[in-house]
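Notes for the one structure printed next.
Heavy-atom basis, side chains included; hydrogens, waters and symmetry copies ignored. All chains are named by letter (A, B, ...) in the order of the sequence lines, taking the proteins before the strands, and each is independently numbered beginning at 1.
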There are 2 protein chains.
Amino acid sequence: MTTAKEATLHQRILSDLEGKIVSGEWPPGHRLPFEVDLAAQHGCSRMTANKVLTQLARSGLIERRRKSGSFVAQPAAQAAVLEIHDIETEVRSLRLAYSFRLASRMVRNAGPADRIHLDLPESRPLLDLTCIHNAGDRPFCLEQRLINLSAVPEADGEDFSRVAPGAWLISRVPWSAAEHRISSVSAGADAAAALEIPRHTACLIIERRTWSSSGPVTFVRFTYPGDRHMLIARFTPGGEN
Amino acid sequence: MTTAKEATLHQRILSDLEGKIVSGEWPPGHRLPFEVDLAAQHGCSRMTANKVLTQLARSGLIERRRKSGSFVAQPAAQAAVLEIHDIETEVRSLRLAYSFRLASRMVRNAGPADRIHLDLPESRPLLDLTCIHNAGDRPFCLEQRLINLSAVPEADGEDFSRVAPGAWLISRVPWSAAEHRISSVSAGADAAAALEIPRHTACLIIERRTWSSSGPVTFVRFTYPGDRHMLIARFTPGGEN
DNA sequence: TGTGTCAACATGTATATACATAATGGACAA
DNA sequence: TTGTCCATTATGTATATACATGTTGACACA
C-alpha cells in the first residue's frame, strides 16, 4: 500500500526485468535467471514467468536458447516505430484548417513505367490521381497516386472530388501491408507549381506501396516542402509501455 | 499432409484469424467468435484461444471488450517499423567499402542553444563531434553529434579517431530510448563542403535524440545527400510474421 | 414506466501439470 | 585421444482448472 500502484503480477515481473535491462544493470549477453528461479523469486508459477520471458523475447529485449537460458540481446538495429497518420489528421493536429483539391484524375492502362511503382502486369486498368492537400490557405502536401482498379474496382465509381483517396481506401481495404520509402529531392517544375514554392526547394518524399492479400492496391507519393514537415519515429525498449 | 506445413496449434489459429482479417472477410467492427467457440472450432482449450486473441490484441489487429467479445479493430494510423542500422552496416549492405573520418572533436560546456538538441542544464560538459562516413571513396553521410559527458563520462577518454561514435555508444549504453526526426533541407555551405556536393542540393536529415534511464545521452544529426539515400519502413498486419 | 439489483457471461489472470524439443556435457567405447 | 550416444536440463507448447473483473440485460420493484 505504499503508492498503491495496482499492477498484475505479470506486468510487475515484466517491468522489473525491463528495468534491469534498460538501466544497464544487466548488460547485453547477461544471462537472466531461469524460469523456475524467476518464478521462485516472484512467488509465482513457471507458466507466469514463461509468459513474461516470451513477451520480452517477442519485443526483442532478450534472446532465448534452450538448455542455456535467456540472455539480454544485443540491440542490433535501432528499430523505431513510425506513425504515419493520414494527411487530414496531420493537418488538424497542427490546428490548421484542412482542405483538399483534386487536380487530375484519369483512368488508363498500366504501362511499363508503372512496374516501378506498382508491380502490376501491363495493360491492367489503373486510376491515376493527383491532388493537393492544404493547411490553412497554403499547400501542405502534393499527393500523386495510382490505384489498381483490378484490386479495387469500386474506385472507378468514385470521383474523389470530396473524399481524399487515402481516407477512402483505408475504409475499403483495411489492414493491408505497406512499404514506405522516404527520401529527399529538389522540387521539380510540377511540384514547385503545385506547392507554390520556388523550384529546387528541398522536399521530403514519402512513397508508399500497399498490398492486400489479393495483390498490389495502390502506390502514393507524397511531396512535402521540406522545411514545413517532419516525420517522427520513436523507440522505447520493451515496446508499448 | 497437403504441403506438410509444420506449425504449432497456436500459430495455425493465429494465421487463420489473421487471414480472415487481412483478406477483408472480417471487416473492421466484425465480432469474432468467443474464446470458447474458437477453442471448440480448433479443438483446443480456451487458454490457447485466449493466448492467440491476446496476441492479436497486442499487435493491434483486434480490440477486446469484456462480455461483448473481440472485434476487428479500425486501422487508425499506418504504423510502420523503421529499421535504422548503423552507418557501417548500411554502407556494407550496399557492397561498398566503408571508412570514417573524424573532422572535429571538442569538449565544451552546454550553452542555451544546446537545449534544443539535448535537454540538459547549462554548463554541463558536452562532447561535440563532427565526422564523415564514406562509402567507397565518396562521402556518404555527415554526422554531427553531441554526447552528454555527465551520462557517459568514459566518452572523454575516447578519441573517436578509429571507432565511430555511434558504434561506440551502442556498446556502452545499450537499450536506450530514442526519438527520430526526419526532414529535408537544402545543403548549407558546411554540409556541401563536407559531402562534396553543390550547395542547395536536397539532403535528407535524420536527427536522433537518445535517453537512457539516467537522462539524455546523445543527440545526432545525420545529413545524407538526398538522391543517394533512402529510408525504408515496413508494415505487416499482425507484426513480425 | 422508470430504476435498481443481480445473475449470467466473456474475458483477464494465474496455477499446477504434462509432454515435446533442442542443446549441453559427460560417460563410455573405440 | 577422439567420436558417439544418452541423460539431464531449460525452454516450448498445450491442457484443465480456478477465481477475479467488468458488462449486459433481464427481472423485480416502486
Reckon A:Leu9 touches a base, only the sugar-phosphate, or nothing at all at heavy-atom distances under 4.0 Å?
sugar-phosphate
If I take atom CZ in residue B:Phe71 and atom C1' in nucleotide D:dT24, what distance separates them, rounded to the nearest angstrom?
12 Å
Are B:Arg145 and B:Leu169 close enough, and set up right, to give a side-chain contact (heavy atoms from CB on, under 4.5 Å), and what steps lead you there?
CA-CA 11 Å; B:Arg145 187 183 286 267; B:Leu169 273 170; 3.2 Å; yes
Please give, in whole Å, the distance from C:dT11 P to B:Met47 CE?
14 Å
Between OG1 on residue B:Thr223 and CD on residue B:Glu143, distance to nearest 0.5 Å
10.0 Å
Return the angle between end axes of the helix from C:dT1-D:dA30 to C:dA30-D:dT1, with five pairs used per end and rounding to 10°.
10°
Report yes or no: is the cationic atom of B:Arg65 (NZ for Lys, CZ for Arg) under 6.0 Å from the centre of the six-membered ring of B:Phe71, at an angle within 45° of the ring normal?
yes
Is a donor on one side and an acceptor on the other found under 3.5 Å between the side chain of A:Thr218 and the backbone of A:Leu146?
yes
Scan residues 29-45 of chain A against DNA chain C and write down, sorted by residue number, each residue with any heavy atom closer than 4.0 Å; if none is found, say none.
A:Gly43, A:Cys44, A:Ser45
Whole-Å distance between D:dT17 C1' and B:Lys51 NZ?
15 Å
Is the phosphate of C:dA10, meaning OP1 or OP2, less than 4.0 Å from a side-chain N or O of B:Ser68?
no
Worked verdict on B:Thr210 versus B:Val173 for side-chain contact (heavy atoms from CB on, under 4.5 Å):
CA-CA 10 Å; B:Thr210 301; B:Val173 191; 5.8 Å; no
Nearest whole angstrom, please: distance from the P of D:dA10 to the CD of A:Glu63.
18 Å
The side chain to side chain donor-acceptor pair (under 3.5 Å) partner of A:Tyr98 among A:His133, A:Arg92, A:Glu90, A:Glu88 is A:His133
Measure from the side chain of A:Arg66, starting at C-beta and using heavy atoms only, and say which of D:dA14, C:dT21, C:dA14 lies closest.
C:dT21
Can you check the A:Asn50 CG to C:dT21 C1' distance for me, whole Å?
14 Å
Could you state the atom-to-atom distance from CZ of B:Arg46 to C1' of D:dT15 in whole Å?
13 Å
A:Asp16 and A:Lys20 ion-paired at < 4.0 Å:
yes
Starting from P on C:dA23, measure out to CZ on A:Arg64 and report it in whole angstrom.
15 Å
Using whole Å, report how far NZ of A:Lys67 lies from P of D:dT9.
7 Å
Show, in sequence, the C-alpha distance, side-chain angles and deciding distance for B:Phe235 and A:Arg208, and conclude whether the side-chain contact (heavy atoms from CB on, under 4.5 Å) test is met.
CA-CA 10 Å; B:Phe235 171 70; A:Arg208 172 156 69 214; over 6 Å; no
Using the side-chain contact (heavy atoms from CB on, under 4.5 Å) rule, take B:Arg221 and B:Ile205 through it: C-alpha gap first, then chi angles, then the decisive distance, then the call.
CA-CA 7 Å; B:Arg221 165 182 292 187; B:Ile205 301 285; 4.0 Å; yes
